[in-house]
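Lettering follows sequence order; numbering is per chain, from 1. Predicted model, so just to flag it, every value in this text is computed and none were measured.
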Number of protein chains: 2
Amino acid sequence: MITGLAHAELIAVLAAVTGDAPRVMTVQGGFALPSGPFELGHRSLQAGLREWVGDQTGHPIGYLEQLYTFADRDRTDEATGRTISISYLGLVREQAAPGAGRPGWHGWYDYFPWEDHRQGRPKILDGIAARLTEWAGAEPKRRDLRQRRVDFTFGLSGAAWNEDLVLQRYELMYEAGLVAEAGGAAHPAGGRPMFADHRRILATGIARLRAKIKYRPVVFELMPENFTLLQLQRSVEALAGLTLHKPNFRRLIDQQELIEETGETTSGTGGRPAKLFRYRHAVLEERAMSGTKLPLSRN
Amino acid sequence: MITGLAHAELIAVLAAVTGDAPRVMTVQGGFALPSGPFELGHRSLQAGLREWVGDQTGHPIGYLEQLYTFADRDRTDEATGRTISISYLGLVREQAAPGAGRPGWHGWYDYFPWEDHRQGRPKILDGIAARLTEWAGAEPKRRDLRQRRVDFTFGLSGAAWNEDLVLQRYELMYEAGLVAEAGGAAHPAGGRPMFADHRRILATGIARLRAKIKYRPVVFELMPENFTLLQLQRSVEALAGLTLHKPNFRRLIDQQELIEETGETTSGTGGRPAKLFRYRHAVLEERAMSGTKLPLSRN
DNA sequence: TCCTTTTATACTCGTTTTGAGTATATCAGG
DNA sequence: CCTGATATACTCAAAACGAGTATAAAAGGA
């Protein structure tokens, strides 16, 4: 008896930042994430993905990490059998875009307009909150539990907005029938839909990246070789969907000693010329920088 | 042409804590992690795993999270084709052990003796450090880079020991030929070996768990219903392989308001009776507790 | 030329959070 | 009624963090 036979498919969330717009690579005019079968010739999953993304888009991927593997029953196809989808998050420096395949880059926030809080709380959230509260109340028995979940996830009733909960928010909206992808969603509440569960995978990628920039120096994978501190801050803000306190951001950056001055300045942006910096790759290849959060005892 | 056809296999790292010993469930007398094919009948990967672990061991799994998916070429079998292995981390409350299948629980530190720093730095590390330095020097060109990596990963030359780098340490030892699983490892430096890459998967699980206990209340999945603060501390210490500062540990715990007194006390351990506590599940189902580490600006 | 706007960069200050240590309470058992 | 063992409660200084202010250096128009 042969059990466990299945098709393997790779799906990529490739992220980049242009100015202050975070972007994701798409195919089919923004309707799907790039994906393809896992070929037998590939050395490993990671290598397989690197290869075909390189071929298809001409973009070399700097950082690549596995996101999640799905094999839900609704991914089963009559003809080809069960499909296992392995998703990856890749970070790309955008300037390296050759004219070739002209992959379609789209702004994150086209798909998740409620996630961008840089201009303050998006108005779209009012409608969403109302619909979710309605949904919570629809089942009297679970009402309180649901409402607490809504409040926490969307930062309502005094709770603070938590930018990391991208996936939880999307899933909650899915459950409540507020996204077009959900079968019975009568009145989708906003955000451009995608093929199958691709928007869910994108949400997973964004959530992972938002969490990661806080304890790992991954932003630099998205920056050009030389950059100003403000550019760096704008990139982080773009990813997090939040505005940061400038003096404190700079203090944070230089106490980590991750960057160094190039010695040059740029007069590009109108005001006083800004110093250019570069990331100190070589020196701290491994450096986790994450400290412990446990109350250690010396010993 | 059919591409991407493969076998799917599930591998589980099931962790538990007995007193102050962290343990993992094994088969074949401690030589392998439990694993099995992903059957077509399963609703999803998660459900599939839950089902057969429940059947095979009688242990209900509290918390379950995906670890990593592998499909390296060396996992290919002539007869059955390529194998994709999807690994999971599961947390189990140990007391729920029925006599049935009698699964084999083994201490983590049998496999990774260098990871337990509760009694101070293990002596075995001296030998390992010497062998790694030797390995670093073996290639003059890359020597400095390698030595820096060794120092950082193992906390040498003034660097602090970082308990999260379990996987990095194992991989470094693998590269240097210090573990029995590596093909040409002439003189393994310690730690019980496992089948194929199972010890590597275990290292991945331990690393994930050590990182997670710092920002998510997962320890409670390993604790009995009622417990004392010292028991809780001992469990965290067992997982982290470190000793903690008692007063500060308690302060940390109660400022998070994750537990509440049961009202009872235990006089089990010889000294003054300790209050019993329980985890406040219901109340804070979702609560991420992770704050932001970005320097926000109010807005 | 000089004033305004814009951006860069440098400090200050009070609050909170950490790391580390000390003191007191309450039991079991000889 | 001591002694040993554990539980629990405070204290205190250093570091990190959130928020705000001040000064420097350019561009551009009145």
Side-chain angles (χ1 to χ4, degrees), chain A residues 19-20 117 160-163 213-215 226-237 240 242-278 289-299, chain B residues 19-20 160-163 214-215 226-237 240 242-278 289-299:
Chain A
D20 56 3
H117 286 227
W161 174 262
N162 183 340
E163 75 280 3
I213 48 173
K214 281 169 209 145
Y215 61 96
N226 301 309
F227 49 85
T228 70
L229 289 178
L230 187 58
Q231 283 172 342
L232 183 63
Q233 182 178 342
R234 292 284 177 256
S235 294
V236 174
E237 289 176 335
L242 294 170
T243 54
L244 307 182
H245 188 265
K246 180 147 51 166
N248 292 348
F249 177 77
R250 297 164 101 100
R251 176 173 62 189
L252 196 75
I253 292 298
D254 74 35
Q255 83 193 23
Q256 323 212 123
E257 301 188 303
L258 294 171
I259 62 177
E260 62 191 0
E261 301 186 16
T262 65
E264 309 191 11
T265 59
T266 179
S267 56
T269 44
R272 166 175 169 179
K275 287 183 193 154
L276 283 172
F277 292 82
R278 82 168 71 87
M289 144 207 198
S290 143
T292 171
K293 279 296 169 195
L294 292 173
L296 296 178
S297 73
R298 88 281 136 229
N299 192 345
Chain B
D20 57 2
W161 173 262
N162 183 338
E163 75 282 2
K214 282 169 209 147
Y215 60 97
N226 301 309
F227 49 85
T228 70
L229 289 177
L230 187 59
Q231 283 170 343
L232 183 62
Q233 182 177 343
R234 291 283 177 255
S235 295
V236 174
E237 290 177 333
L242 293 169
T243 55
L244 306 182
H245 188 264
K246 180 151 42 169
N248 291 349
F249 177 78
R250 296 165 103 99
R251 174 175 63 189
L252 196 75
I253 292 299
D254 74 33
Q255 82 193 25
Q256 323 212 122
E257 301 187 303
L258 294 171
I259 62 177
E260 61 191 1
E261 301 186 16
T262 65
E264 309 191 11
T265 60
T266 177
S267 55
T269 45
R272 166 177 169 180
K275 286 182 193 155
L276 283 172
F277 291 83
R278 82 168 71 88
M289 146 207 195
S290 144
T292 171
K293 278 297 170 196
L294 293 173
L296 296 179
S297 73
R298 86 283 138 226
N299 192 346

| field | Whole-Å gap separating P (D/dT8) and NE2 (B/H245) | value | 16 Å
| note | When rounded to the nearest 0.5 Å, the distance separating CG of A/N248 from CD1 of A/I253 is 11.5 Å
| Under 4.0 Å between a side-chain N or O of B/K246 and OP1 or OP2 of D/dA7? | yes
| message | What is the distance, to the nearest angstrom, from the CZ atom on B/F249 to the P atom on C/dT17? | response | 18 Å
| field | Listed nucleotide nearest any side-chain atom of A/L229, set D/dT8, C/dT18, C/dT9 | value | C/dT9
| said: Treating A/Q233 as the side-chain partner and A/L244 as the backbone partner, does any N or O pair qualify as donor plus acceptor under 3.5 Å? | reply: yes
| field | B/L242 vs B/W161, side-chain contact (heavy atoms from CB on, under 4.5 Å): CA-CA, chis, key distance, verdict | value | CA-CA 10 Å; B/L242 293 169; B/W161 173 262; 4.2 Å; yes
| field | Phosphate contact (D/dC17 OP1 or OP2) by A/Q255 side-chain N/O below 4.0 Å | value | yes
| said: In this structure, how many angstroms lie between the C1' atom of C/dT12 and the CZ atom of A/R251, rounded? | reply: 11 Å
| Which listed nucleotide (D/dA9, D/dC17, D/dG18) is nearest to the side chain of B/K275? | D/dA9
| task | Quickly work out the A/Q256 CD to D/dA16 C1' distance and round it to whole Å. | result | 12 Å
| Full working for side-chain contact (heavy atoms from CB on, under 4.5 Å) between A/L276 and A/T265 | CA-CA 5 Å; A/L276 283 172; A/T265 59; 5.9 Å; no
| field | Spacing of A/I259 atom CD1 and A/R278 atom CZ [to the nearest 0.5 Å] | value | 11.0 Å
| remark: note: A/L294, atom CG; C/dG19, atom P; distance rounded to Å ~ 9 Å
| task | Could you work out which one of C/dA8, D/dA19, D/dT11 sits closest to the side chain of A/R272? | result | C/dA8
| Just how far, in rounded Å, is P of C/dT18 from CG of B/L244? | 14 Å
| request: Check whether any side-chain N or O of A/R250 sits under 4.0 Å from OP1 or OP2 of C/dT9, and answer yes or no. | output: yes
| Which sits closer to the 5' end of DNA chain C, B/L252 or B/P247, going by the nucleotide each is nearest to? | B/L252
| message | If I take atom CZ in residue A/R234 and atom P in nucleotide C/dA8, what distance separates them, rounded to the nearest angstrom? | response | 8 Å
| How many Å lie between CG on B/L230 and C1' on D/dA5, as a whole number? | 12 Å
